[in-house]
Amino acid sequence: VRNGNCAADTSSSVSITVNPLAVGGTIGDVAVCDTINNGTLTLNGSIGTIVSWESSVDNGATWATIANTTTTLNYTNVKDTTLYRAILVTGCSQDTSAVGTIFINPNTIAGVVSKSDSVCSAVNSNTLHLTGYRGSVLGWQKSIDDGTVWTAIANTTDSLTYTNISQTTLYRAIVQNGSCDIDTSSQAKIFVFPTSVGGAVSAGSSGACEGSNGGTLTLTGYVGSVLRWEASTDGGTTWSTIANTTSTYTYLNIAKTTSYRAVVQSGNCTAATSTVSTISLIPTPVAVFT
């Protein structure tokens, strides 16, 4: 300022401070497992001073204040899917961050494999089903040593078909829900019976004297359980059942030449018939005087 021909003078100064507008920034989403979880949410790209954080368990209908003025927020054992946001201010405005969500994955449930079964060796087939599980099937496993060692099966569906297995085998499924722990299903045991083998019937003697006779037949080389023995007096045209489930049979005082055989079955395999042993009846000698 100058007045007349007096010397010019300068007024006092005024400082105008320009405050930036508040910028809320962003918070990333997180997926965690139910009940046991922990981690840290981080606010990025914000401008301003953090007044507080807020959380909501009803999808944003209501918000609860969290006393935290830093750019990070630690969480522990969150039980419900929860929204989080931060409130920021500058000298001239307030802003709210974008919402970050902690998604809660229910715990993994591996389920049950159904069902255990018994099959015959060489020719068999069936489908196992996984039920009652929660999550995704990562794969299946099998064991032929009663669970000591498991071999992976590349199958991510909830059913598994086996065909012509020759050894008793355990099966199980591996399941994981989201980021939760991996879990293993119950086991199904497919018991494999060897194919039935009838074996051979042998006798101490192939002949018996008419009238008083007796002997023991023995079944050898068979695989399975003896269901019964059978006898035939017409050369094998018809057979009658003998209620005997042991590997030996004792005959006594047969009146006709008789063939014997055993019927054997291994598990649920088709029954097999042994070889036939025939006891020939020898007439009693008759002395003729002349």
Please check: side-chain N/O of S46 versus main-chain N/O of G25, any donor-acceptor pairing under 3.5 Å?
no
W239 versus S259: any side-chain heavy-atom pair under 4.5 Å?
yes
Is a donor from one side chain sitting under 3.5 angstrom from an acceptor on the other, for S196 and S266?
no
Considering all heavy atoms, the nearest P194-C269 contact
O-SG, 3.5 Å
Of all the heavy-atom pairs spanning V197 and A272, show the shortest one and how long it is.
C-CB, 4.1 Å
Look at atom CD1 of I282 and say whether more than 12 heavy atoms of other residues, nucleotides or ligands are closer to it than 6.0 Å.
yes
Do the side chain of N177 and the main chain of C180 share a donor and acceptor less than 3.5 angstrom apart?
no
Is the closest side-chain donor-acceptor distance between T216 and T248 under 3.5 Å?
no
Is it true that L227 and Y222 fall in one hydrophobic cluster, defined by side-chain heavy atoms closer than 4.5 Å?
no
Do L43 and W53 touch side chain to side chain, with heavy atoms closer than 4.5 Å?
yes
Minimum side-chain heavy-atom gap T161-T163 below 4.5 Å:
yes
Sub-3.5 Å donor-acceptor pair from the side chain of T108 to the main-chain atoms of D181, do we have one?
yes
With a 4.5 Å limit on heavy-atom distance, are the side chains of V223 and V264 in contact?
no
R85 to W63 six-membered ring, cation-pi geometry met (6.0 Å, 45°):
yes
Test item: T81 side-chain N/O and F103 main-chain N/O as donor-acceptor pair under 3.5 Å
no
Distance alone, cut at 3.5 Å: any donor-acceptor contact between the side chains of T40 and N74?
yes
Within-4.5 Å side-chain heavy-atom neighbours: F193 and Q265:
no
Name of the residue among I109, L130, L138 meeting side-chain contact (heavy atoms from CB on, under 4.5 Å) with V175:
L130
One should read off an interatomic distance between I165 CD1 and C120 SG, to the nearest 0.5 angstrom, of 11.0 Å
How far does CG of L21 sit from OG1 of T90, to the nearest 0.5 angstrom?
6.0 Å
Note: I153 and Q141 closest approach over all heavy atoms is CD1-C, 4.1 Å
Here the gap from L41 atom CG to N68 atom CG, rounded to the nearest 0.5 Å, amounts to 10.0 Å
Is atom CD1 of I144 surrounded by more than 12 heavy atoms (other residues, nucleotides or ligands) closer than 6.0 Å?
no
What's the separation between atom OG1 in T42 and atom CD1 in I27, rounded to the nearest 0.5 Å?
9.0 Å
Close side-chain approach of L83 to N59, heavy-atom, < 4.5 Å:
yes
Beyond-backbone contact of L128 with Y162, side-chain heavy atoms, under 4.5 angstrom:
yes
Distance col, row L170:CG vs T148:OG1, nearest 0.5 angstrom, shows 9.5 Å
Quick one: does any side-chain atom of S166 pair with a main-chain N or O of S121 as donor and acceptor, under 3.5 Å?
no
Are the side chain of D117 and the backbone of I190 linked by a donor-acceptor contact shorter than 3.5 Å?
no
May I ask you to decide if S56's main-chain N or O and T82's side chain share a donor-acceptor pair within less than 3.5 Å?
no
CD1/I104 to CG/N37 distance, rounded to the nearest 0.5 angstrom?
5.0 Å
Taking the inter-plane angle between the rings of Y260 and Y249 on a 0 to 90° scale, is it parallel (under 30°), tilted (30 to 60°) or perpendicular (over 60°)?
tilted
Lys NZ or Arg CZ of R261 over W229 ring: under 6.0 Å, within 45°
no
Does CG in N253 sit with more than 12 non-hydrogen atoms of other residues, nucleotides or ligands closer than 6.0 Å?
yes
Sidechain-backbone polar pair: T156 side chain, V137 backbone, donor-acceptor under 3.5 Å
no
Where the side chain of T237 meets the backbone of G235, is there a donor-acceptor pair that is under 3.5 Å apart?
no
Criterion side chain to side chain donor-acceptor pair (under 3.5 Å) on N38 and Y75, from CA distance to verdict:
CA-CA 5 Å; N38 62 81; Y75 62 86; over 6 Å; no
Quick one: are T278 and T257 in side-chain contact, heavy atoms under 4.5 Å?
yes
Under 3.5 Å: donor-acceptor pair, side chain of R134, backbone of N107
yes
